[in-house]
Amino acid sequence: MAPWVKPVLGGPPALNAPQAAAVTHSSGPLLVFAGAGSGKTRVITHRVAHLVTSAGAQPGSILAVTFTNKAAGEMRSRLSSLLGDNVAKDLWVGTFHATCARLLRRHGGAISLSSHFIIYDADDQKAVVRRALRDLGLDDRRYPPRAILGRIRDAKQELRGPEALESGSYVDDAVVKVYRLYEAQLQRANAVDFEDLIGKVVLLLEEDPGGEGAAIRRRFGHVLVDEFQDTNRAQYRLLRALTRHHRNLCVVGDDDQSIYAWRGADVRNIRGFEHDFPDATIVKLEQNYRSTGRIVKAALGVIEGSRERVPKDLWTDNLDGAPIEVVAARDERDEAAYVVGVIQDARARGTSPEEIAVFYRVHAQSRVLEEALRAVRIPYQIVGGVRFYERAEVKNALAYLRVLVNPKSDVDLLRIINTPARGIGAKTLERLSSVASSRGLSILEAIETLEEAVDDEVGSPTQLGGLTSARKRLFAVRDLLAHLAAKVPFRTPSDTLASVLDESGYVATLQAEDTPESEAKLENLRELVGSVRDYEREAEAAGDAATLDGYLERVTLAADVDSMKEASRVTLMTVHGAKGLEFQLVLLTGMEDDMLPYRGMSSDAADARDIDEERRLAYVAITRARSRLVITHVGTRQIFGSSRPGRPSRFLATIPADAAVQRATREASRDSRFVERARTFQPPPQGDWRHPFESESAGSEARGGAPGERFVDRDFFDDSRSGEADDPLVVRRGSRVVHAHFGEGEVQRVIQASEPAVMVFFPSSGEKKVLARFLRRA
DNA sequence: TGCCACGCCCTTTTT
DNA sequence: GGGCGTGGCA
């Protein structure tokens, strides 16, 4: 038996006595720093069990929140086995979003939210933003919907309304206007977005309209949170508001595994917990039960380079295990071939495929790996990528259902009004839309007014907004929907879906297309009907009524969980997707600077904070491995259609030498220069982010500055320089400038290049990169 | 109105 | 390399 397959652990034993006491028995605020592999979820389940069995808490007064459905499901099943189904069924165990949705359905009336509200996902949000931009007459090339929505989302995650946003710059003003319309649109549609689910519960709790906030607060005597480092500001405020009186808040997390800052997670929630709760009991779980000694050591080496972290000394009693293999490959194909070789070898030694995972930083890396695996017929599954519920045909079908439940939902109506094609084009929709917004109606209501206009014989073409010719087609859609909606109460959800697909002509249209693509779409629609049937069966088993509302909520709050089967397949996924999982053998690919740490096309250097998040990502990846870890990096990588040079990631240099061995593939060995570089590089001194290779291979690649060198994006034209110039133009972000051709604009950022240049936003023509010498002060 | 060709831009992702 | 959005054309 190879050393690395030797069993090294037997699952987390009981906590040591003082820890156990603190974790299960302490009262008041409790913060548990649970290092990777230290048995974090156990903390919550055992505490809950103790609260119920020994502390006399009512199961219904305990709320345990997680981030994913999967985590919630696991927690629930563990609690069921600890406490029995009968007790566990009364506990509130769920994701932040599902829990808040449940509360809002019961208490949302106080903030005029009908209990049939629907939840808009990212796509719906974007559609609302696009429409708002159109209504405001703003060009969506100059104001990219994605970016605008990003700003709105950021604001909502901090519970800031449009009035609380900065204004003054062109973009800021646009954001504020779009945000206002966006909110109005959601309210009119009786819809909420993911941020609202949290935000509106916070509103209920903090403002207590009709006593509903107090009612929610009374409900819960204990609140427990998993993966606390991933909470955003709004979620933190929710937790504080919920526990304001009794302060029975138990949070478990690991700041070293905070990898979601980019979507709003605020690591200050965990790092600053002690500040907000000075009386909190703090426990650190530092013993790792998962991985070999060398893996733990490597992980610790990597994470210790962080600028800021709560110190934790991860250690293990497990055997040292085999050295980590750091392998240089020539390019991504060579890397894939090596990965395949390792997998074949491991399988031959008896490692089962579901114990093997291949990680990468971005999905784009998966293609080459897939090809290599397919070539030798190794079964694999990819987690992530395009999700089932995000496919266009699935979203269309769901949009029909959502309109039936909530006819005011314009986003959904607009999605299906011309699906399948019914001759209702952009022009018609634009007119309809403006009729609707000018009268404060939903689109469907606006269609109704066309009828009134006809009945009254007063419908002048101007009043109808030029909609006379499309009227018949619009009425046909309205009648179709009315007909389907009338039958909803008498049909099962799956029958409703089936008749929607049939009577709308959607299926017929796809069948007529008769292409491989249309066949795939039909297949997906059949699967969707199947998923509704599954839901109906589950609801029945749980003794609940199966409703269309119920199904839609589940789907909107669902993830990719179902797709990750226990089947005997090798798993391919991004490092983000790997959090919370563990495998016997992990292959971490693409360990190059620019890939991990990742840097996109732009030459902007990441700042130290971004680098630290990438470092934590590497830490998460490493700590997923139980007994064997193989890390690969390449000399050249083709990605996104072009080639970039690869150098070993700076993080590799922080793995202690006695934990790893360096290797090269046969292909890579031929390039002796690359191998020599890869073999001999040294860790950079602390605090110096210059890559070690940069000095050695100076001038070998012309790039926009050394990696890691800080690009200054403000005060670039500082006074020391301006002294030499004839016209000292000092600009910084936000400065107003004038360009001879584009007119007045606003500086977005300063670009470091051979000649000073800036990105300027011109309201007349959008964002442009211009040389500073063509600008003057506004 | 609908189709196709062209060009752009590219992280990570739950709910 | 590829998905998506746009703009030109039938």
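Note on naming: letters A, B, ... go to the chains in the order of the sequence lines (proteins, then strands), and numbering restarts at 1 for each one.
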Next item on the list: Output yes when at least one side-chain N/O atom of A:Thr574 is less than 4.0 Å from OP1 or OP2 of B:dT13, else no.
Entry: yes

Checklist line | Under-4.0 Å side-chain N/O to phosphate OP1/OP2 contact, A:His576 with B:dT14 | finding: no

Item checked: Between B:dT12 and C:dG5 - C1' atom distance, rounded Å -> 23 Å

Across the strands shown, which category fits [X] at heavy-atom distances under 4.0 angstrom: base, sugar-phosphate, nothing?
{"X": "A:Asp230", "result": "nothing"}
{"X": "A:Phe194", "result": "base"}
{"X": "A:Arg367", "result": "sugar-phosphate"}

Considering only side-chain heavy atoms of [X], which listed nucleotide, [options], is closest?
{"X": "A:Ala421", "options": "B:dT11, C:dG1, B:dG2", "result": "B:dG2"}
{"X": "A:Phe640", "options": "B:dC10, B:dT11, B:dT13", "result": "B:dC10"}
{"X": "A:Arg130", "options": "C:dT6, C:dG1, B:dT12", "result": "C:dT6"}
{"X": "A:Val362", "options": "B:dT11, B:dT13, B:dT14", "result": "B:dT11"}
{"X": "A:Tyr260", "options": "B:dC10, B:dT11, B:dT13", "result": "B:dT13"}

Rounded off to whole Å, could you give me the [atom1]-to-[atom2] distance for the [X] and [N] pair?
{"X": "A:Arg473", "N": "B:dT1", "atom1": "CZ", "atom2": "C1'", "value": "9 Å"}
{"X": "A:Asp594", "N": "B:dT12", "atom1": "CG", "atom2": "P", "value": "15 Å"}
{"X": "A:Leu197", "N": "B:dT14", "atom1": "CG", "atom2": "P", "value": "16 Å"}
{"X": "A:Arg422", "N": "B:dG2", "atom1": "CZ", "atom2": "P", "value": "11 Å"}
{"X": "A:Leu581", "N": "B:dT14", "atom1": "CG", "atom2": "P", "value": "12 Å"}
{"X": "A:Tyr598", "N": "B:dT12", "atom1": "OH", "atom2": "P", "value": "7 Å"}
{"X": "A:Gln365", "N": "B:dT12", "atom1": "CD", "atom2": "C1'", "value": "11 Å"}
{"X": "A:Glu74", "N": "B:dT14", "atom1": "CD", "atom2": "P", "value": "15 Å"}

Check: 5'-most contact on DNA chain B: A:Ile424 or A:Ala98, nearest heavy atom basis?
Finding: A:Ile424

Check: Toward the 5' end of DNA chain B, which comes first, A:Glu614 or A:Asn418, by nearest nucleotide?
Finding: A:Asn418

State plainly whether the residues [X] and [Y] are in salt-bridge range, i.e. N to O under 4.0 Å.
{"X": "A:Lys579", "Y": "A:Glu227", "answer": "yes"}
{"X": "A:Asp123", "Y": "A:Lys395", "answer": "yes"}
{"X": "A:Glu613", "Y": "A:Arg616", "answer": "yes"}
{"X": "A:Glu553", "Y": "A:Arg105", "answer": "yes"}

Margin query: I'd like to know whether the aromatic ring centres of A:His97 and A:Phe67 sit less than 6.0 Å apart in this structure.
Written below: no

Margin query: Under the salt bridge (charged side-chain N to carboxylate O under 4.0 Å, His left out) test against A:Arg650, which residue among A:Asp612, A:Asp594, A:Asp593 passes?
Written below: A:Asp593

